[in-house]
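Here's the structure, in C-alpha cells; my notes come after.
All ligand and atom numbering here is 1-based and tracks the order in the structure.
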Amino acid sequence: MNLTIENLSKTYPNGVKALQDVSLTIGKGMFGLLGQNGAGKSTLMRTIATLQDADSGTIYFNGIDVAKEPEKLRKTLGYLPQEFGVYPNVTAEELLSHIADMKGIMQKGERKDTVEALLQKVNLYDARSKKLDGYSGGMKQRFGIAQALIGNPDLIIVDEPTAGLDPMERNRFYNLLSELGENAVVILSTHIVEDVSTLCTDMAIIGNGKVVLTGKPQEVEESLRGKLYEVPIRKEQLPDYQTNYKVISQRFFAGKMMITVLADDVPSGEFDAKAPSLEDAYFKILSEN
Ligand code: ADP
C-alpha cells in the first residue's frame with residue numbers, strides 16, 4: 001500500500017505558488033503533514049482527493065494514476081475535508097445511509113449494517129436519531145470520520161481535524177484516528193504539532209508550497225538533542241537575545257518570557273539544557289524558511 005507523489009506543482013490564477021515540486025512517498029500508517037496556515041496543505045490534500053488538478057507532476061496510489069483515473073481512486077478514498085458541511089435537517093443515520101448509497105452500497109440490508117457498524121465505531125450510535133445541527137464540534141468530526149470510512153477505504157485523508165475541538169473531544173478523536181492507520185494510508189493535515197507527535201509514525205513539514213523536511217517525529221526531535229537551551233528573560237530583553245543568539249521560539253511561562261535557543265555548544269549565560277520536542281523542531285524549521 002503506497003502513495004507516491006512526484007514533482008507536484010500548482011500555481012493559482014492569482015499567481016500564488018501553492019505547491020512547488022512536491023515529492024513524497026507515504027506508506028501504511030498515520031502520516032502527518034504539518035505546516036502553517038497557507039503552506040499548501042489543503043491544496044495538496046484536495047489534489048490527492050481528485051477535487052482539483054495540479055499543473056504538473058504525478059500522484060499514484062497502489063498503481064492508480066490519480067489524475068487520469070479519478071473514479072478509480074474515489075472508490076478507495078475516504079476524505080474528511082476541513083469544513084464538512086452537514087445538512088441540518090437530517091439525522092446522522094439518514095445522512096450516512098444516503099452517502100453509503102451514493103458510494104455504491106445499494107443493497108438495503110448491507111447499507112443498514114454498514115451504517116450501524118460505523119455509528120458504533122465512532123461512538124455515535126446513541127445519537128444516531130439526532131439531527132446533525134444539534135451535534136457538538138467533536139460529534140460532527142466523528143460523524144465526518146464515519147462518512148469517510150464508508151466502503152473501507154485504503155486511503156484516508158483528514159484535513160485539520162482537531163481545530164475547534166475541546167481537549168476531551170480532541171482526545172476521543174485521537175483515539176479514533178489512531179485506529180485507522182492500522183489498515184490504511186492515513187494522511188493527517190494539520191498546523192497543530194501535538195496532533196502529529198501524538199498520532200503519526202511519519203511526517204513532513206511543508207512551507208510555502210515546498211516540502212522542507214520528512215522523517216519520523218522521534219527522529220526529527222532527536223536531531224536537536226544537545227542543541228537546545230532555554231532561559232527566562234524579561235520581555236524587553238528579547239531583541240538583545242535575538243541579536244546574540246539563534247532564538248527559535250519564545251513563550252510565556254509563569255509570568256516570565258522563556259526563550260529557546262539553538263546552539264552547537266553551551267552558550268554563555270544563564271541557560272539550561274532543554275530536551276527537544278517536535279514543536280522545537282517545527283519552530284526551528286519555520287525560523288529557517
Ligand atoms: P493550507 O491548507 O496549508 O492553509 P492552502 O493550500 O489552503 O494552505 O493555501 C496555499 C496558498 O494558496 C495560500 O496562499 C492560499 O491563500 C492560496 N490559495 C488557496 N486556494 C486558492 C484559490 N482557490 N485561489 C487562489 N489562491 C488560493
Contacting atoms of ligand 1, where contact means under 4.0 angstrom from a heavy atom of [X]:
| X | value |
| --- | --- |
| Ala39 | 1 (P), 3 (O), 8 (O) |
| Ala18 | 12 (O) |
| Val16 | 11 (C), 12 (O), 14 (O), 17 (C) |
| Lys41 | 1 (P), 2 (O), 3 (O), 4 (O), 6 (O), 8 (O) |

Closer than 4.0 angstrom, basic N to acidic O: yes or no for [X] and [Y]?
| X | Y | result |
| --- | --- | --- |
| Arg74 | Glu71 | yes |
| Glu116 | Arg128 | no |
| Lys216 | Glu219 | no |

Could you check whether any side-chain N or O of [X] sits under 3.5 Å from a backbone N or O of [Y], counting only pairs where one atom can act as donor and the other as acceptor?
| X | Y | result |
| --- | --- | --- |
| Thr76 | Leu73 | no |
| Glu69 | Val66 | no |
| Ser287 | Ile248 | no |

Does an N or O from Asn37, backbone or side chain, lie closer than 3.5 Å to an N or O of ligand 1? no
Heavy atoms only, cut-off 4.0 Å: how does Thr43 contact ligand 1, side chain, backbone, both, or neither? both
In this structure, atom 19 (C) of ligand 1 is nearest to the protein heavy atom Tyr12 CE1, 3.4 Å
Considering non-hydrogen atoms of the protein only, which is the closest contact for atom 25 (C) of ligand 1, and what is the distance? Asn14 ND2, 3.2 Å
Could a heavy atom of Gly40 be found less than 4.0 Å from some atom of ligand 1? yes
Answer yes or no for Gln36: is there a heavy-atom contact with ligand 1 below 4.0 Å? yes
Nearest heavy atom to atom 4 (O) of ligand 1, choosing from Ser42, Gly15, Ser189, Gly38, belongs to Gly38
Are any non-hydrogen protein atoms located under 4.0 Å from atom 15 (C) of ligand 1? no
Given the options Asp55, Asp21, Thr58, Thr47, Leu8 meets side-chain contact (heavy atoms from CB on, under 4.5 Å) only with Thr47
Glu288 CD: over 12 foreign heavy atoms closer than 6.0 Å: yes
